[in-house]
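By convention in this document, chain letters (A, B, ...) are assigned in the order of the sequence lines, proteins followed by strands, and residues within each chain are numbered from 1. Just so you know, these numbers use all the heavy atoms, side chains as well, and skip hydrogens, waters and symmetry mates. Values in this document were obtained by computation on a predicted structure and should not be read as measured data.
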Amino acid sequence: MLDIRFLRENPDLAKQRLALRNPQFSSLIDQILDCDAQRRQAETRYQQLQAERKRLSKQIGQIRAAGGDSSTLEEQARTLGEQIEALQKQAAECDSRQRQLLLITPNLPHEQIPVGSDSSANPVVREYLTDHRKPTSPNHLEIASQLQLLDLDRAAKISGSGFTCFTHLGARLERALINFLLDLHSQHHGYREISPPFLIRRDSMIGTGQLPKFEEDMYACEKDDLFLAPTAEVPLTNLYRDEILPISDLPIRLVAYSPCFRREAGSTGRETRGIIRLHQFDKVELVKICRPEDSPAELESLTNDAERVLQLLQIPYRVVELCSGDLGFSSMRTYDIEVWSPGQAQFLEVSSCSNFGDYQARRMNLRFKDSDGKNRFCHTLNGSGTALPRLFVALIENHFQPDGSILLPPPLHPYFGKEKIP
RNA sequence: GGAGGGGUGGCAGAGCGGUUGAUUGCGGCGGUCUUGAAAACCGCUAUCCCGUCAAACGGGAUCGUGGGUUCGAAUCCCACCCCCUCCGCCA
């Protein structure tokens, strides 16, 4: 959520920055400021009347205690009460409308990010092993079918398209990867491991920005008004919602494994073959909560922590920075990490590392007490560390051998229990 | 799912229609005393919003959340959320 005071004082700056995402947001800012002006006017007037009524009520109390007649004053107070009620209703309506509008307004892009309208404008920041990448390889589906690592057809019998079963050594590899990632980040990168709930209340979905705007993309349990987590970002970031953290607790670094549930409405046909895009997939997620002045550096180290995964697994990748038009709703700055998939001869996104500034913290009322005793909003960040299915794809395609086996990189051996598949 | 109890300031815990933003204790901050510390004593000690910005000052709101009753609600009524105890069900 954007700071209403910032919008009030810098409406043109806010519009300019939002226009870098999409020009449509200008009128939204005007509507918000309109609500704000109306709200404050009504609020000021009813507060004056309320102060008056308070004085009268005190007098009434005193007169009654003394056994006197207070009926004239009571009549006055009643009249004031009616005016107050009407103005309060007006203020509440403005306030609620203002909040609804703020909740569907995306974060301002950071000043330093590249300007562009779509992913073709995303600059490559750095690359790893891409000079040595395999130009082609059998597709992960071909490899998986030879080695019985996946069963998409039978998964469809259970759940429909967009779901998979990992089978035999495939299931074991999936589990080994999850454990490898959790251990790497919790034991070597300083993240605290959490195993969070996967069903999420509406308020928490609003807190990180999935709701109200993207409700169509979420799986919901309507009976209980709960949503299936689309990413562990949601439970992790919301862990400390509505709290005021002591500054000594910051930065907080959290890591969690979770399955992720996404309806992916409207994306069938594009990049949907195999396990590149699923309605349910595993992911290990990194989240940070820190002081505002630390968030730029924390974004760099978070991205490095995710990259470390690919270095250890010897998978070629590149880091791109998202341009203004490609930026996610809540983010002010994002790096995507993309692994090379020789099977599809393209790069696949396995991690998206973002700095949200105070945008999420404001939505979930997450603050810290500054050294001078003032309460300030925290900054929040997150990144995948990493998404599993595409990592799985890159791993088996990049390490596929001419003899039909897969040679696993050494860091996985203790987790998988052997060096190759089969 | 059924029955009961409860949600008050950083924490503990009073208050159950009228100068109560709220007694008190603990903790925290400042001071007196002391070579220093402890003890004792004194003072301070929430958040949000509005009044164009900042400071000062003034006003309003906040006792789980939202409604209602009333001139006036932490206090009475209703709904919901959360926590605890017992019963039932259950991996």
Protein-nucleotide distance (Arg45(A), atom CZ; rG59(B), atom C1'), rounded to Å: 16 Å

If only side-chain N and O atoms of Arg367(A) are considered, is one of them under 4.0 Å from the OP1 or OP2 phosphate oxygen of rC48(B)? yes

Establish, with yes or no, whether the OP1 or OP2 oxygen of rG51(B) is under 4.0 angstrom from a side-chain nitrogen or oxygen of Arg40(A). yes

Can you give one letter per nucleotide of nucleotides 60-82 of chain B, 5' to 3': B if a protein heavy atom sits under 4.0 Å from the base, S if only from the sugar-phosphate, - if neither? SS---------BS--------SS

Check the distance between rC48(B)'s C1' and Asp3(A)'s CG and give it to me in whole angstrom. 13 Å

Could you tell me how the ring of His279(A) sits relative to the ring of Phe163(A): parallel (under 30°), tilted (30 to 60°) or perpendicular (over 60°)? tilted

Salt bridge present between Glu349(A) and Arg277(A) (N-O < 4.0 angstrom): no

Can you tell me if Asn122(A) uses its side chain to pair, donor with acceptor, with the backbone of Cys323(A) under 3.5 Å? yes

Reckon Arg8(A) has a side-chain N or O less than 4.0 Å from the OP1 or OP2 of rC53(B)? no

In terms of side-chain heavy atoms of Lys58(A), which of rU47(B), rC53(B), rU19(B) is nearest? rU19(B)

As a test of understanding, state which of Glu82(A), Glu74(A), Gln76(A), Glu75(A) forms a side chain to side chain donor-acceptor pair (under 3.5 Å) with Arg78(A). Glu75(A)

Any sub-3.5 Å donor-acceptor pair from Gln360(A)'s side-chain atoms to Thr208(A)'s backbone N or O? yes

If you look at every strand shown and take non-hydrogen atoms under 4.0 Å, does Arg39(A) touch a base, only sugar-phosphate, or nothing? sugar-phosphate

Could you tell me how far apart Glu43(A) (CD) and rU52(B) (C1') are, to the nearest whole angstrom? 15 Å

What integer distance in Å separates Ile244(A):CD1 from rG9(B):C1'? 11 Å

Nucleotide rC48(B), atom P - distance to CG of Asn365(A) in whole Å: 9 Å

Closest nucleotide of RNA chain B for Thr44(A) versus for Gln62(A): which of these residues is on the 5' side? Gln62(A)

Looking at rG51(B), which nucleotide sits across from it as a Watson-Crick or G-U wobble partner, both distances under 3.5 angstrom, or is there none? rC57(B)

Would you check, one step at a time, whether the test side-chain hydrogen bond (donor to acceptor under 3.5 Å, both in side chains) holds for Gln83(A) with Glu52(A)? CA-CA 12 Å; Gln83(A) 294 175 35; Glu52(A) 178 62 21; over 6 Å; no

